[in-house]
Colleague: 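So that we are looking at the same thing, I have put the structure below in structure tokens.
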Amino acid sequence: MELYENKALKFRSKALPPKLASDIALARQDLASANEELRGAIRFVASSSCVDGLILFNSAMEMVGFGGVIEKLRVPEKIFFAGDTAGNHLNHGDPNDLGTRHQSMITFCGAVQDLVGFVVSKDGDVRAIMALGDGVVVWENIRTQK
């Protein structure tokens, strides 16, 4: 069943009432406007990520800073790279082998338990980081799509 026939809105072969058709048209315009605003916000955040360092969001998911480095917290002594998704097979690592974003997130996750941090590299690689036991575990090559 087609929703559009001869440029007139139809539903089950009955024309929609003019008010409903108008409301649908306005809703479509609002949706297009919201999508364009979202695309602009995504471009802004993405361009801010070109500066090395973390991007900080508040609890309302509003970006409040970029290019940040966490310096006042102690870097965890035990850093591991997960060999499997469950974190059962861990390989020792050195945070100094990673860039600023990774070091900042490792430090933050080591200080604040019960959270998962994500780092997106310039090349698009995604890593998940989390305190586990007495160390911090880094999961590499996180797939973001099927």
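All values below come from the heavy atoms of this structure, side chains included, with hydrogens, waters and symmetry mates left out. Numbers for residues simply follow the sequence, beginning at 1.
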Colleague: Nearest 0.5 angstrom please: Ile24 CD1 to Leu31 CG, how far?
Modeller: 13.0 Å
Colleague: For the side chain of Ser47 and the backbone of Arg43, is there at least one donor-acceptor N/O pair under 3.5 Å apart?
Modeller: yes
Colleague: For the residue pair Val112 and Leu115, what are the closest heavy atoms and their distance?
Modeller: CG1-CD2, 3.2 Å
Colleague: In sequence, state the C-alpha distance, the side-chain angles, and the governing distance for Lys78 and Asp134, and then conclude on side chain to side chain contact (heavy atoms under 4.5 Å, CB included).
Modeller: CA-CA 7 Å; Lys78 295 182 180 179; Asp134 61 347; 2.6 Å; yes
Colleague: For residues Ala128 and Ile142, report the shortest heavy-atom separation together with the two atoms involved.
Modeller: N-CG1, 3.7 Å
Colleague: So, for Val136 and Ile106, which heavy atoms are closest and what is the spacing to 0.1 Å?
Modeller: CG2-O, 4.0 Å
Colleague: Are Val45 and Val126 in one and the same hydrophobic cluster, where Ile, Leu, Val, Met, Phe, Trp and Tyr link if side-chain heavy atoms are under 4.5 Å apart?
Modeller: no
Colleague: Is it true that atom CG of Asp114 has more than 12 heavy atoms of other residues, nucleotides or ligands lying nearer than 6.0 Å?
Modeller: no
Colleague: Any chain of hydrophobic side-chain contacts (each under 4.5 Å) joining Phe66 to Phe118?
Modeller: no
Colleague: Heavy atoms only: give me the nearest Ala131-Cys109 pair and the separation to one decimal.
Modeller: CB-O, 3.4 Å
Colleague: Distance check, rounded to the nearest 0.5 Å: Gln113 atom CD versus Leu132 atom CG?
Modeller: 9.5 Å
Colleague: For residues Thr85 and Trp139, report the shortest heavy-atom separation together with the two atoms involved.
Modeller: O-NE1, 3.2 Å
Colleague: Between Phe108 and Val120, is there shared hydrophobic-cluster membership here, with clusters defined by ILVMFWY side-chain heavy atoms closer than 4.5 Å?
Modeller: no
Colleague: Taking C-beta and beyond as the side chain, do Val75 and Gln103 meet within less than 4.5 Å on heavy atoms?
Modeller: no
Colleague: Do other residues, nucleotides or ligands put more than 12 heavy atoms under 6.0 Å from the CD atom of Glu37?
Modeller: no
Colleague: In terms of hydrophobic clustering (I, L, V, M, F, W, Y; side-chain heavy atoms under 4.5 Å; direct or indirect links), are Phe81 and Met105 co-clustered?
Modeller: yes
Colleague: Do Met130 and Val119 share a hydrophobic cluster (ILVMFWY, side-chain heavy atoms under 4.5 Å, transitive)?
Modeller: no
Colleague: Of all the heavy-atom pairs spanning Pro76 and Gly110, show the shortest one and how long it is.
Modeller: CG-CA, 3.9 Å
Colleague: Rounded at 0.5 Å granularity, tell me how far CG in Asp94 sits from CD1 in Ile79.
Modeller: 8.5 Å
Colleague: Hey, is CD on Glu77 packed in by over 12 heavy atoms from elsewhere, all under 6.0 Å?
Modeller: no
Colleague: Give, for atom CD of Glu140 and atom CG of Asn91, the distance between the pair rounded to the nearest 0.5 Å.
Modeller: 9.5 Å
Colleague: Rounded to the nearest 0.5 Å, what separation is found between the CG atom of Leu26 and the CZ atom of Arg28?
Modeller: 11.0 Å
